[in-house]
Amino acid sequence: MESYNPKEIEAKWQEKWLEQASEKIDKDDTKKKFYILDMFPYPSGTGLHMGHTESYTASDVFYRFKKMQGFNVLHPQGFDAFGLPAENYAIKTGVPPIETTKKNMENYIRQMQSLGFNYDFSEQAITSDPEYYKWTQWIFSEFYKNGLVYKKTQKTNWCASCQTVIANEQVVENKCERCGTEIEQKEVPTWFFKITDFAEELIADLDDVDWPEYTKKNQRAWIGKSEGAEIKFEIRNSKSETNSKSEKQNTKQFIEVFTTRVDTVFGVTYVVVAPEHPLIAQLESQIANRDEIFAYIEKSKNKTELDRMEAKEKTGVELEGIKAVNPFNGEEVPVFVADYVLGSYGTGAVMAVPAHDERDFEFAKKYNLPIKKVIEPCFDQLAEPGKIKWDEAFVERDAILAIVKHWEKDEYLCLQWKKVDWRTFITGGPEGGQSFEEAARTEILEETGYKNLKLIKELPMVHSRFYHVPKKVNRFAHFNVFYFELKDGDKDNISDNEQENHDTVWVMSDKIEQFLTADSHKYIFKNLNNPEVSFVEDGVLNNSGEYNFLTSEQARGKMTAWLEEKGLGKKVVNYRLRDWSISRQRYWGCPIPIVYSPEGEPHLVPEQYLPWKLPEDVDFVPTGTSPLAKSQELKERVEKIFGECWTAEYDTMDTFVDSSWYFLRYPDVHNDKEFCSQTRKAWLPVDMYIGGAEHTYMHLLYARFFVKALHKIGHLSFNEPFLKLRHQGMVLDKAGNKMSKSKGNVINPDEMVEKFGADSVRMYMMFVAPLEDAVMWNEENIVGVRRFLERVWRLQEKIVVENMVVDSLTHKTIKKVGEDVEVMKFNTAISQMMILVNAMDKEKQISVTSYELLVTILAPFAPHMAEEIWNKLGHSESIFSSAWPEYDSELIKDEKIKLVIQVNGKVRDTIEVNAEISEDEAKKVALESEKIKNYISGKEIRKIIYVKNKLVSIVV
RNA sequence: GCCGCGGUGGUGAAAUUGGUAUACACGCCAGUCUUAGGAACUGGUAGGUUUAUCCUGUGGGAGUUCGAGUCUCCCCCGCGGCACCA
């Protein structure tokens with residue numbers, strides 16, 4: 001038999017697959033459809049990289065598997081062909097992007113075919129193709145007609161090197177994602193998509209898709225929903241104090257702030273507006289220190305975002321002559337302008353609560369502003385015993401808690417309770433008429449007998465909610481906390497009653513946290529000597545008038561309701577997500593189908609003129625204005641269609657627009673009447689999408705927006721584009737470094753295919769780590785899968801045609817491989833096949849039936865070898881037209897199992913028994929074991945645990 | 001700083017989701033065959049010692065359990081993302 005020669009085999013089958021029209025699927029047959037999609041590549045000059053190789057291999061394996069399972073599988077490929085690199089290359093060399101792109105795509109196709117990926121390249125979606133971008137423009141028009149597009153001149157991210165505007169999502173650490181140039185803010189007129197209209201749905205509908213949890217979480221965080229309230233603070237001018245009331249009424253001005261923490265509003269000690277806040281200009285005449293303010297604003301304007309972020313210390317200036325009034329308590333507080341407040345979020349103004357916000361705290365410390373505490377920690381009992389019964393009301397109780405320090409040692413007086421497992425400081429309830437401090441002293445005396453106490457300080461209150469088990473009622477206790485030190489050890493005797501309840505113990509300070517059982521007590525001790533910090537969590541209100549002793553959550557509800565009633569504010573939901581700016585001042589992109597009338601009014605290019613073609617008569621040297629402005633052809637086209645003095649929109653679209661809908665095109669790529677016909681829409685949405693996690697904030701978000709928008713307009717019946725999403729991990733070098741040109745560690749898939757063969761490369765990528773984990777590409781390790789394939793090849797020599805019984809291991813392997821591939825656990829699927837092959841290799845003969853089953857389940861992973869062997873075994877049909885084998889559930893059952901016997905949790909024996917052994921028998925066998933007898937003889941057996949077909953655990 | 005993910009042999013990694021930790025593979029060691037081997041094949045490969053009905057062992061520490069890599073709490077380390085979003 002000739003030896004395994006991948007090069008020859010792979011070339012032969014790749015050619016055959018190309019010839020065979022049988023690979024073409026019937027796109028009108030959607031009865032048992034499955035749509036598996038890869039993220040299409042940008043056709044760069046360097047060709048396919050290893051990351052593509054891995055994810056496309058995964059999808060190819062999955063595609064072949066699903067096909068063998070009898071699905072009609074759509075597994076398309078295309079090119080995200082517009083984009084900057086081709087244009088930059090054109091600037092350097094003068095070669096038009098259309099030519100380089102075409103050449104690069106050909107190279108990509110060659111590479112994909114060399115790896116045995118099965119795509120029908122006559123059914124591609126190529127975004128730079130007018131057949132395709134006609135529909136990109138059509139969708140733009142639909143969005144435009146439905147109010148989802150607007151034009152606005154505003155400060156936008158500008159990359160000086162790329163000479164274009166870029167989206168928020170394309171800014172990384174204030175640098176251009178593509179070229180690393182520092183981003184400037186520039187006033188540019190740009191088109192926006194109203195993605196924020198869908199913010200709520202974009203968050204909510206994530207619940208319905210099968211995506212990795214962390215991807216969902218990250219996307220939710222990016223959209224950044226926060227619920228809160230807007231509150232109006234009246235502005236008072238200290239100069240106009242003499243104004244009559246009615247005059248004031250007429251000229252009432254307000255600063256509106258956004259906060260998620262209305263419950264802290266009684267702790268407001270100042271208000272801050274962002275430097276770009278319009279109110280400053282409005283109030284100009286009333287500001288005493290105008291020059292100082294405008295100097296500050298000017299200075300912060302010149303700071304880049306990065307400077308603002310990196311500034312170690314917060315800065316700001318008070319607007320002198322102006323005060324803001326807290327609507328809740330009528331307090332007048334100062335107003336500052338400070339650049340730690342962002343103009344672009346919320347209302348551009350905040351109420352500052354230094355006691356309960358770290359940023360405000362830092363600022364207040366620096367400028368010596370008052371810090372007023374209004375929230376105190378609350379500890380809820382969430383575990384039995386004493387777990388809160390949430391459907392019952394709380395009974396409130398005042399309480400005291402005393403920390404008592406030893407007169408000379410670093411020890412504290414604690415109680416060890418006798419009837420319950422409590423270890424606490426001294427606590428109790430105040431008796432009538434006493435002050436809380438007196439009550440604390442009384443409690444200490446009664447419970448411990450100590451009496452010569454010196455009060456060190458009174459600490460902030462803490463609160464606790466729990467279910468009082470003996471009294472059968474929810475308690476809400478408010479603890480007044482005192483810190484005493486004993487002057488000496490002088491003490492009285494304590495009552496028998498108290499003695500029955502608890503012992504008094506002295507505990508060293510470093511053991512206290514371990515000793516105490518109540519979280520509230522631990523918290524107090526931890527913060528006993530801590531310097532002042534801001535407490536940012538929810539808790540219980542205090543110093544808040546009628547809202548005292550409400551929890552933060554309750555207070556937020558009541559306070560917001562009050563604001564709405566008084567017309568001084570309202571409930572508001574804010575999102576971090578901004579609208580998507582899609583204009584790019586570049587050439588190689590989809591033209592925006594807009595023309596301007598002589599008056600400068602924008603008009604859609606009517607549908608009959610779509611595709612609105614990208615002109616070819618432009619040079620590519622960037623000048624900061626769009627290259628399209630230089631096209632004579634475009635100018636003439638516009639004037640011919642629309643009339644004299646009409647002009648074209650010269651900007652092109654962000655390439656992420658192109659890729660936001662390509663998956664909708666694949667079912668019907670040649671349709672020139674619709675982006676996809678009604679019948680072909682039955683393929684949608686995508687059942688399985690595979691690609692990198694780096695697209696979480698851009699492509700995956702934009703594509704979801706497109707589908708939601710098209711759904712709303714009525715062009716799609718579904719709401720989410722990708723039902724299932726899986727990520728592939730990164731491909732690193734063998735030391736675990738990212739591959740990069742500069743490091744010179746980039747691996748070219750062509751070389752690997754040349755060296756090891758496509759089947760080995762495919763198998764190695766799938767075997768070496770789980771799909772979502774990083775793959776460390778180590779050429780020394782690939783021999784493992786190569787040896788495996790060689791072994792499979794050589795097994796042909798052992799085949800006997802006689803019908804032998806297919807053994808249990810083969811059936812187990814069919815089961816395991818099928819189940820693992822279904823959930824994309826390719827690495828363990830392969831290891832199971834290795835186990836089978838190792839076992840077959842030990843046999844002198846193997847049945848042809850077993851061998852064929854092996855080759856069939858191997859086929860999705862190593863399609864070339866599988867086809868070759870299949871063919872040599874005398875089959876004329878492709879192996880991929882055979883069905884995925886079924887396993888015999890009777891045969892995979894083991895007759896004998898190894899029963900594990902444990903004594904006190906330790907394995908002491910394993911006994912081979914019949915699989916159908918009963919519980920009683922199993923226990924009997926276990927107890928009769930000689931080994932076990934050694935461990936249990938003379939001891940009382942307390943318990944025997946039996947786990948069916950697994951173990952007997954004896955407790956003595 | 002915040003959020004997310006992870007830490008298991010010399011290495012990449014398994015572990016039926018609470019039930020024999022280290023499957024499968026690389027590497028290494030020994031052997032077989034060979035003119036040779038950086039080929040192939042066979043066997044071995046967590047550590048310890050008292051070498052066997054043994055003990056220890058999944059980043060560290062505590063806990064729950066008959067039983068923990070898996071669950072709970074605290075801490076350490078690594079990776080990825082976000083970063084003054086009120």
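The partner of B:U53, taking Watson-Crick or G-U wobble pairs whose two distances both stay under 3.5 Å, does not exist in any strand shown. Base pairing of B:G10: its partner is B:C26, meeting the Watson-Crick or G-U wobble criterion (both donor-acceptor distances under 3.5 Å). Across all strands shown, the partner of B:C82 is B:G1, judged by Watson-Crick or G-U wobble contacts whose two distances both fall under 3.5 Å. Nucleotide B:A40: paired with B:U32 (Watson-Crick or G-U wobble, both distances less than 3.5 Å).
The separation between A:Asn904 atom CG and B:G19 atom C1' is 15 Å, rounded to whole Å. Spacing between atom CG of A:Asp820 and atom P of B:U17 amounts to 13 Å, rounded to whole angstrom units.
Here A:Tyr575 lies out of heavy-atom contact (under 4.0 Å) with every strand. Counting non-hydrogen atoms under 4.0 angstrom, A:Arg908 reaches the backbone sugars and phosphates but no base. Among the atoms of the strands shown, none is found under 4.0 Å from any heavy atom of A:Asp773. Within the 4.0 angstrom heavy-atom criterion, no nucleotide atom of any strand lies near A:Asn574. Using a 4.0 Å heavy-atom distance criterion, A:Lys217 is classed as a sugar-phosphate-only contact. Residue-level contact check: A:Arg220 touches neither bases nor backbone, having no heavy atom under 4.0 Å from any strand. Within 4.0 Å of A:Leu951, counting heavy atoms only, lies at least one base atom of the nucleic acid.
If you check the side chains of A:Asn934 and A:Arg908, you find no donor sitting under 3.5 Å from an acceptor.
Taking only side-chain nitrogens and oxygens, A:Arg787 never comes nearer than 4.0 Å to OP1 or OP2 of B:A25. Contact annotation: A:Lys943 side-chain N/O to B:U65 OP1/OP2 distance is not under 4.0 Å. For the OP1/OP2 pair of B:A25 and a distance below 4.0 Å, the side-chain nitrogens and oxygens of A:Asn838 include at least one atom meeting the criterion.
Comparing the same atom, P, in B:A14 and in B:A30 gives a spacing of 31 Å after rounding to whole Å.
Annotated as anti: B:G81, whose O4'-C1'-N torsion sits more than 90° from 0. Nucleotide B:U70 carries an anti base; the chi torsion (O4'-C1'-N9-C4 or O4'-C1'-N1-C2) is more than 90° from 0.
With B:C41, B:C26, B:C24 as the choices, the nucleotide that has an atom nearest any side-chain atom of A:Asn781 turns out to be B:C26. Nearest nucleotide to the A:Lys950 side chain, out of B:U16, B:C24, B:A86: B:U16.
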What pairs of donor and acceptor atoms, side-chain ones from residues 261-274 of chain A against any protein atom, are under 3.5 angstrom apart with sequence neighbours left out?
{"from": "A:Arg261", "atom 1": "NE", "to": "A:Asp263", "atom 2": "OD1", "distance (Å)": "3.0"}
{"from": "A:Arg261", "atom 1": "NE", "to": "A:Asp263", "atom 2": "OD2", "distance (Å)": "3.2"}
{"from": "A:Arg261", "atom 1": "NH1", "to": "A:Val536", "atom 2": "O", "distance (Å)": "2.8"}
{"from": "A:Arg261", "atom 1": "NH2", "to": "A:Asp263", "atom 2": "OD2", "distance (Å)": "3.0"}
{"from": "A:Arg261", "atom 1": "NH2", "to": "A:Glu537", "atom 2": "O", "distance (Å)": "3.3"}
{"from": "A:Asp263", "atom 1": "OD1", "to": "A:Arg556", "atom 2": "NH1", "distance (Å)": "3.3"}
{"from": "A:Asp263", "atom 1": "OD2", "to": "A:Ser552", "atom 2": "OG", "distance (Å)": "2.9"}
{"from": "A:Thr264", "atom 1": "OG1", "to": "A:Arg261", "atom 2": "O", "distance (Å)": "2.8"}
{"from": "A:Thr269", "atom 1": "OG1", "to": "A:Pro370", "atom 2": "O", "distance (Å)": "2.9"}
{"from": "A:Tyr270", "atom 1": "OH", "to": "A:Tyr340", "atom 2": "OH", "distance (Å)": "3.3"}
{"from": "A:Tyr270", "atom 1": "OH", "to": "A:Asp360", "atom 2": "O", "distance (Å)": "3.1"}

Pair up each side-chain donor or acceptor in residues 770-781 of chain A with any protein partner under 3.5 Å, not counting sequence neighbours, and list the distances.
{"from": "A:Asn778", "atom 1": "OD1", "to": "A:Glu780", "atom 2": "N", "distance (Å)": "3.0"}
{"from": "A:Glu779", "atom 1": "OE1", "to": "A:Lys755", "atom 2": "NZ", "distance (Å)": "2.6"}
{"from": "A:Glu780", "atom 1": "OE2", "to": "A:Lys734", "atom 2": "NZ", "distance (Å)": "3.0"}

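Expressed to the nearest 0.5 Å, how far OH of A:Tyr697 lies from CG of A:Leu577 amounts to 13.0 Å.
Ring geometry for A:Tyr367 versus A:Phe336: interplanar angle of 30 to 60°, hence tilted.
Judged by the 6.0 Å distance and 45° axis criteria, A:Lys225 is not positioned over the aromatic ring of A:Tyr575.
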